[in-house]
2 protein chains.
Amino acid sequence: MASLRKTDRHAEDETLGETPDLEEFIGYNLKRAYVIVQADFRRALGEDGFAPRVFSALSLVVQYPNVTQSGLARMLGIERSGLVAIVDELEGRGLLKRTNVPGDRRVQALVPTQKGKTVYAEARATVRAHEEQLLSNLSTDEKATLMALLAKIRANGE
Amino acid sequence: MASLRKTDRHAEDETLGETPDLEEFIGYNLKRAYVIVQADFRRALGEDGFAPRVFSALSLVVQYPNVTQSGLARMLGIERSGLVAIVDELEGRGLLKRTNVPGDRRVQALVPTQKGKTVYAEARATVRAHEEQLLSNLSTDEKATLMALLAKIRANGE
DNA sequence: CGCATATTGTTAATCTAGTAAACAGTTTAG
DNA sequence: CTAAACTGTTTACTAGATTAACAATATGCG
């Protein structure tokens, strides 16, 4: 998603001095912005850090201890089959544990460990700081506006 | 990426009546919005329609006829190896053709066919209409603001 | 109660998008 | 002329995600 440069076209073709169609589409612009922010996220957390989805899962487990895997999958908007590997990773790193729930032997409630809470708090601070810096050309107001507009899109689509 | 519901937590855990951390992150909100808009895009173009990246490629070829594959890959921000399948598909559907360039026997300039131009114009109108309707709870001003803010993010990240 | 239906976590197969590395052919620079 | 760079391409690989099936368990309802 690089920018359009003069040298990407051939000399002989004309260059309608216009904005490319693509930039009219919200979807295209959303994707480009997302790719940039996502790359920054990965840079922030480094090689051995969390993938975005793993970070998101940990965040929710810390905030909603005893959430079930199905519940977590619903919150994340993914299939519960896809969550298994994510929870495996978090449990493998000792950041949460699967615990059985007295009333229902099907479910595995997810509980963050102390380490999980600590590691999440650090990761959260790191990601926040990186976002802050990546978006330093946006004012606080602009960031708030952006969040509000994105929330409106979400409100429509679900 | 569904919404957070009371029933997704267990009865016994408390429910800090707070906004989930995740919604503080621009990256998370961008992704959620993007997923919604992308799903709408696919609905708009239907089963046999274009994937977003194929649509984007066609758009650029129509707007910049005689672009090379390398140039197009740069514009799209993908590797040129990844572009081969996309161009194959568009050529297979008769929407563009690879032509050789007099001065340079390495490159294949991409030229839209008449059908390509027509099909693109239709697809563009369809996608626009769907975006319009999906985002009908945003005013024209809000949409413009959103675009501008996304462009600012892009300006930072590249 | 008993039985159909639904839910939970899980595995396995599959799909898409995308990257990285290598390549032969060709062009450019010194 | 030779070394370096570029083009399109293939192949192999990874990540993220979906679907379908499954056994264990729970729920609803005659």
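In the text below, chain A, chain B and the rest are named by the order of the sequence lines, each starting its count at 1.
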- Base, sugar-phosphate, or nothing: which does A:Glu79 touch, judged by heavy atoms less than 4.0 Å apart? base
| What nucleic acid atoms does A:Arg105 come within less than 4.0 Å of, heavy atoms only: base, sugar-phosphate, or nothing? | sugar-phosphate
Atom [atom1] of [X] and atom [atom2] of [N]: how far apart are they, to the nearest Å?
| X | N | atom1 | atom2 | value |
| --- | --- | --- | --- | --- |
| A:Gln38 | C:dT19 | CD | C1' | 14 Å |
| A:Arg74 | D:dA17 | CZ | P | 18 Å |
| A:Tyr34 | C:dA17 | OH | P | 15 Å |
| B:Phe41 | C:dA17 | CZ | P | 11 Å |
| A:Gln108 | D:dA24 | CD | P | 15 Å |
| A:Lys31 | D:dG16 | NZ | C1' | 12 Å |
| B:Arg32 | D:dA17 | CZ | P | 13 Å |
| B:Arg80 | C:dT26 | CZ | P | 16 Å |

Judged by nearest nucleotide, the residue sitting upstream toward the 5' end of DNA chain D, A:Arg42 or A:Gly103, is A:Arg42
I'd like to know if the side chain of A:Asn29 pairs up with that of B:Arg154 as donor and acceptor (distance under 3.5 Å, no hydrogens or angles considered). yes
I'd like to know if B:Asp88 pairs up with B:Arg98 as an ion pair, taking the criterion as any Lys NZ or Arg NE/NH1/NH2 lying under 4.0 Å from an Asp or Glu carboxylate oxygen.
yes
Taking 4.0 angstrom as the limit, do B:Glu24 and A:Arg128 come out as a salt bridge? yes
Margin query: Let's go through A:Gln108 and A:Asn100 carefully: what are the C-alpha distance in whole Å and the side-chain angles of both, what is the deciding distance for side chain to side chain donor-acceptor pair (under 3.5 Å) to 0.1 Å, and is it a yes or a no?
Written below: CA-CA 5 Å; A:Gln108 306 264 152; A:Asn100 20 358; over 6 Å; no
*asked:* Given the structure, check if the side chain of A:Ser81 and the base of D:dT19 hold any donor-acceptor pair shorter than 3.5 Å.
replied: yes
Reckon [X] has a side-chain N or O less than 4.0 Å from the OP1 or OP2 of [N]?
| X | N | value |
| --- | --- | --- |
| A:Arg53 | D:dA15 | no |
| A:Arg98 | C:dT8 | no |
| B:Ser70 | D:dC6 | no |

From the candidates D:dT7, C:dA17, C:dT8, the one with an atom nearest any side-chain atom of A:Arg106 is C:dT8
_Centroid separation under 6.0 Å, is that true for the rings of B:Phe55 and B:Tyr120?_
yes
